[in-house]
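These values consider heavy atoms only, across backbone and side chains, with no hydrogens, waters or symmetry-generated copies.
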Amino acid sequence: MVSKLRKYYLNLHIHTVLSPCADLLMTPGNIVQQAVEKKIDIIAITDHNSAENVKVALEMAQRMPLEVIPGIEVQTREEVHLICLFADLGEVKKLQEFIYAHLPDKQNREEFFGSQVRVDSNDQYSEKINHMLAAAAEVSIGTVVKKVRNMGGLVIPAHVNRAYGLLYQLGFVPFDLNFSVMEIQSRTEVKNIKDQYPEVLLIKNGDSHRLNEINKEMKVMLKEPSFAEIKKVMTDLKRQKNITLLK
């Protein structure tokens with residue numbers, strides 16, 4: 001029996017208090033509550049170079065009508081941001097270990113970058129991470145892409161036309177990386193990028209750093225609210241028509 005497609009609302013780029021650029025109200029619990037109130041069905045937690053708060057977000061969403069996708073926003077050697085999404089916590093933790101091993105040996109300058117806060121299972125501030133996360137890991141775009149794909153994950157170049165975006169930083173999309181999907185922040189960016197890269201799917205995310213920035217960004221027709229389904233719809237040319245960018 002063929003599963004029927006259902007409508008889901010997504011925002012796959014959200015930062016917690018672990019990211020130094022995020023508001024201190026962005027605890028996993030608050031994020032989950034805000035997403036539910038906004039009637040979002042699927043979100044991804046994507047902190048800078050770390051996944052320390054993903055576990056709590058998954059726990060907070062267990063009894064809610066919300067699916068949380070584990071992720072990390074990696075900053076590569078080229079100063080390019082890549083959204084890396086996975087099916088489970090174990091895989092995203094493996095990528096975190098890899099990125100941690102390649103971060104520069106620098107302490108976070110809280111007065112300049114902001115706090116990096118890990119929360120406990122009760123969604124309370126637990127400790128500050130002193131190692132600087134807002135830095136480029138000494139690893140190339142190609143290496144990150146290969147590693148994530150080998151782990152079964154999905155790599156999406158983040159906010160490609162803006163600071164730390166692939167097009168902003170490099171001026172082009174490396175053809176050998178075979179990106180099937182890239183992220184934008186506004187639908188006004190679609191035409192210019194599509195004219196240049198018609199074969200690449202453009203999706204819209206919030207890059208949310210504050211609670212009021214957590215909104216529905218895409219409407220997607222899926223068989224179920226899972227990472228596997230999201231990966232399929234974003235990499236299968238026949239199914240990409242089931243994605244609608246909002247606002």
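Here the side chains of L25 and R210 are not in contact, with every heavy-atom distance at 4.5 Å or above. Residues I14 and D207 have side chains not in contact (no heavy-atom distance under 4.5 Å, counting atoms from C-beta outward). D120 places none of its side-chain heavy atoms less than 4.5 Å from the side chain of V56. Looking at heavy atoms from C-beta onward, N11 lies in side-chain contact with S208 at the 4.5 angstrom threshold. A 4.5 Å side-chain heavy-atom check between K39 and Y9 finds every atom pair outside the cut-off. Using a 4.5 Å cut-off on side-chain heavy atoms (C-beta onward), D47 and L133 make no contact. A heavy-atom distance below 4.5 Å is found between the side chains of L12 and M218. You'll find the side chain of L202 reaches within 4.5 Å of the side chain of I193, heavy atoms only.
In the hydrophobic clustering of ILVMFWY residues, with side-chain heavy atoms under 4.5 Å counting as a link, L167 and V190 come out together.
Remark: the H13 side chain and the E73 side chain contain an N/O donor-acceptor pair separated by less than 3.5 Å. With 3.5 Å as the limit, one finds no donor-acceptor pair spanning the side chains of H159 and Q185.
Note that CG of L154 is 11.0 Å distant from CG of L82, once rounded to the nearest 0.5 Å. Distance CG/D88 to NZ/K93: 12.5 Å, rounded to 0.5 Å. To the nearest 0.5 Å, the span separating CZ on F98 from CG on L103 amounts to 10.5 Å. Separation of atoms CG (L222) and NZ (K4) is listed at 15.0 Å; rounding is to 0.5 Å.
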Audit row: E217, N205, side chain to side chain donor-acceptor pair (under 3.5 Å) steps and yes/no: CA-CA 5 Å; E217 300 292 343; N205 281 318; over 6 Å; no
Derivation of the side chain to side chain donor-acceptor pair (under 3.5 Å) call for N53 and T16: CA-CA 7 Å; N53 281 342; T16 78; 3.0 Å; yes
Y125 vs T27, side chain to side chain donor-acceptor pair (under 3.5 Å): CA-CA, chis, key distance, verdict: CA-CA 8 Å; Y125 296 161; T27 66; over 6 Å; no
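For R109, the side-chain hydrogen bond (donor to acceptor under 3.5 Å, both in side chains) test picks out no residue, with sequence neighbours left out. P174 is linked by a side-chain contact (heavy atoms from CB on, under 4.5 Å) to L166, L170, F172, D176, L177, counting only residues two or more places apart in sequence or in another chain.
Counting non-hydrogen atoms of other residues, nucleotides and ligands closer than 6.0 Å to NZ of K94 gives a total of 12 or fewer. More than 12 heavy atoms of other residues, nucleotides or ligands lie within 6.0 Å of CZ in F179, so this atom counts as buried by the packing criterion.
Side chain of K231 to main chain of G152: a donor-acceptor pair is present (N/O by atom type, distance under 3.5 Å, no hydrogens or angles).
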